[in-house]
Amino acid sequence: MSATKKLTIARAMAESISLEMRVDPKVFVMGEDIAKLGGVFGNTRGLLAEFGDQRVRDTPISETAFMGAGVGAAMDGMRPVVELMFVDFFGVCFDAIYNMMAKNIYFSGGNMHVPMVIMASTGAGYSDGGQHSQCLYGTFAHLPGMKVVVPSNAYDAKGLMTAAIRDNSPVIYLFHKGLQGMGWLGNEPAAINQVPEESYELEIGKAKTVVEGSDISIVSLGVGVHHALKAAKELEKQNISVEVIDLRSLVPLDREHIIASVKKTGRLIVVDEDYHSFGVSGEIIASVIERDHNMFKTPPSRITFPDIPIPFTRPMEQWALPSTEKIINECLAMMEGK
Amino acid sequence: MTQPIIVPMDLWEEDVEAVISAWLVDNDSGVTAGQLVAEVMVEKIQYEIHSTADGIISIISEADDVVNKGSIIAEVS
Amino acid sequence: MLPTNSQRISMYRNMLISRYMEERIESIYMEGKKPVFNMANGTIPGEMHLSNGQEPCAVGVCAHLEAEDVVTATHRPHHIAVAKGVNLNKMMAEIFGKKTGLSGGRGGHMHLFDKDVNFSCSGIVGQGMGPAAGAALSRKLQNKSGIAVAFIGEGAANQGAFHEALNLASVWNLPVIIVIEDNDWGISVAKSASTAVAKNSDRAAAYNMPGIHIEHNCPDKVFSAAKEAIDRARNGDGPTLIEIKTSRLAGHFMGDAEEYRPKGEKSQLLQEDPIPIYRQKLIDANIITLDYDLALVAETQQLIEQAITFARDSEYPAPEEAMLHVFA
């Protein structure tokens, strides 16, 4: 049996990156405050000490330049892991991401690869306001050419990071601030789990059924998975059997896994912290209905963030966010045939 | 013989409390001397706590518990 | 041109207000965050970026501004908001997330918007310069008086937006001033590690506009340089870049351990705290007496205490009000 210990997601990310950097000299890391500080969210701790400042680079506040640089380096044979400190900052560098990183493999007819990983923090719930709290899953998943992964726990975090680094396609790695294990952003103990010491990959594009159930399928990602698991535990007491699916990846989206679950339960709730309209929740529901609308015992529903900028003040933010309570209420309503 | 895992007296400077933000091993699992077993937080800074011995760990303070420098947070036997 | 005594006292007063505000916020911020420092908790949740040490930049520039002049600021806005005349009660209530806040709690400390004095701030580094240029353009197009000032940090001088805004302001001859508060740190990265030039004011030449470097974090020096630049703008002679060497006496955000700062740097900076130095300067020049100073300190503290009381006593908004004001 391999040696295992528990890690926070922050440590799992750092561990994955360091294991890859040990075996592949092409892997390097750049971003703001990722060297000496080890990342504002702890995901590059220890890398500077182990690998030095040529391969672990603090950048100026110049996202357009260093995202573009990541694309160029990746196309020239390096394997950059680039941090976008908050996903909300994508606005200042999105051309490099969606128009070049995501399209250059295609534009080159498959002749050139872009083995770049962008890791970005996401998530609300601690009053950081409208420009520092978004998830933007839909924004990145919607545009062709980039894989998107969203780990909900340390085991997945390490495996997905390793897979992302080894992938010759660009991967957006979105980690939720509330799950990092940083303490000052709150704590989700269930995100801290057993992680093997050695390297391993988790296949990108494969969802996981975390808890099996027969009455309702709840599909979620990131923090939503933990809300769903807590709801499932509560609902069990009321004899409602909830199946919880952790998407783990948005692109590719594991539609078959979701469809198989809804075929079994006949009921679907999508929990998505991103904005309600034109995003992940709509995509999932559409994907299932397109396949066979007859499998639904009751209309599908979604618990999402409303189409508003994320408010600062706690009562408003908490009211707007998906929560365990909202999931429980929705499940109860659904079972009553509402 | 049981070895305590104590929050080191020199882990941080001021005389303030800390909180255990995460246990990185399960209760009753095997640990080795020097292994990272827990994280404690003083305000926003995280510090690492390492096992003082090889053996089976018995957790005394849980995650989210308040601890001080010198607190015994676990034992290894 | 040097400030008059009355202008000096006014600048000093604003520095007292904003410093006391930061000191009080620092202590209130920790309410509910001990022993567990969880940012979500307490009277003031979220992040907090304090401006201790940077007050001279704000007061020296804003001494020349009217309510109609437009100011954009950053995630570290309080000293500028105070100097610009933002309503203290509503600002404090906004920071506390209350219904009576500037935006009813929607914005918080990084998104303070006061229409009455044309002040706004935003959290993405460097992005306030475009809007400042735009406000300047608007006044020009409407033949209305008023200029715009964008306050940024030295880290923002490495953002594309900086270069584009300066170029645009210059090409279109806009009445806008860009003020760089150089506190040497972009979170944990020192300016020397991130910036290709020693003085960002030298970059102004690349955009064919004057670049002024102020080496000392002193209100009078900022006042004089700002007067020149603002007069130039008001006279239709275009933009200026001002760079002020200031100091960040607090961490980047509340809770920042600042372990990346060289040993001794903080204590050295605290000895150069601009407020006691300016106080002494005013006393030595007989512009104020010790008694006057005491009275001023008491008065300014009273203003902030009133604002805090107002904020504490105000109610939170109803949660569903989050849905309001998405659109006009």
> Does the pair A:Lys6/B:Asp26 count as a salt bridge with the N-to-O cut at 4.0 Å?
yes
> State, yes or no, whether a side-chain contact exists between B:Ser51 and B:Ile5 at a heavy-atom distance under 4.5 Å.
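Touching, per the 4.5 Å side-chain cut-off.
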> Could you label the plane-to-plane angle of the A:Phe89 and A:His132 rings as parallel, tilted or perpendicular, counting under 30° as parallel and over 60° as perpendicular?
perpendicular
> Which residue out of A:Met182, A:Arg11, A:Gln194 racks up the most heavy-atom pairs below 4.5 Å with chain B?
A:Arg11
> Between A:Phe86 and A:Phe41, how do the two ring planes meet: parallel, tilted or perpendicular, split at 30° and 60°?
perpendicular
> State, yes or no, whether a side-chain contact exists between A:Ile218 and A:Val271 at a heavy-atom distance under 4.5 Å.
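Yes, their side chains come closer than 4.5 Å.
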> Taking only heavy atoms into account, what residues of residues 31-41 of chain B are found under 4.5 Å from chain A?
B:Gln35, B:Leu36, B:Glu39, B:Met41
> To the nearest 0.5 Å, tell me how far A:Glu83 CD sits from A:Met13 CE.
7.0 Å
> Which bit of A:Leu7 comes within less than 4.5 Å of chain B, counting heavy atoms only: side chain, backbone, both or neither?
backbone
> Looking just at side-chain N and O atoms, do A:Tyr126 and A:Lys177 make a donor-acceptor pair shorter than 3.5 Å?
yes
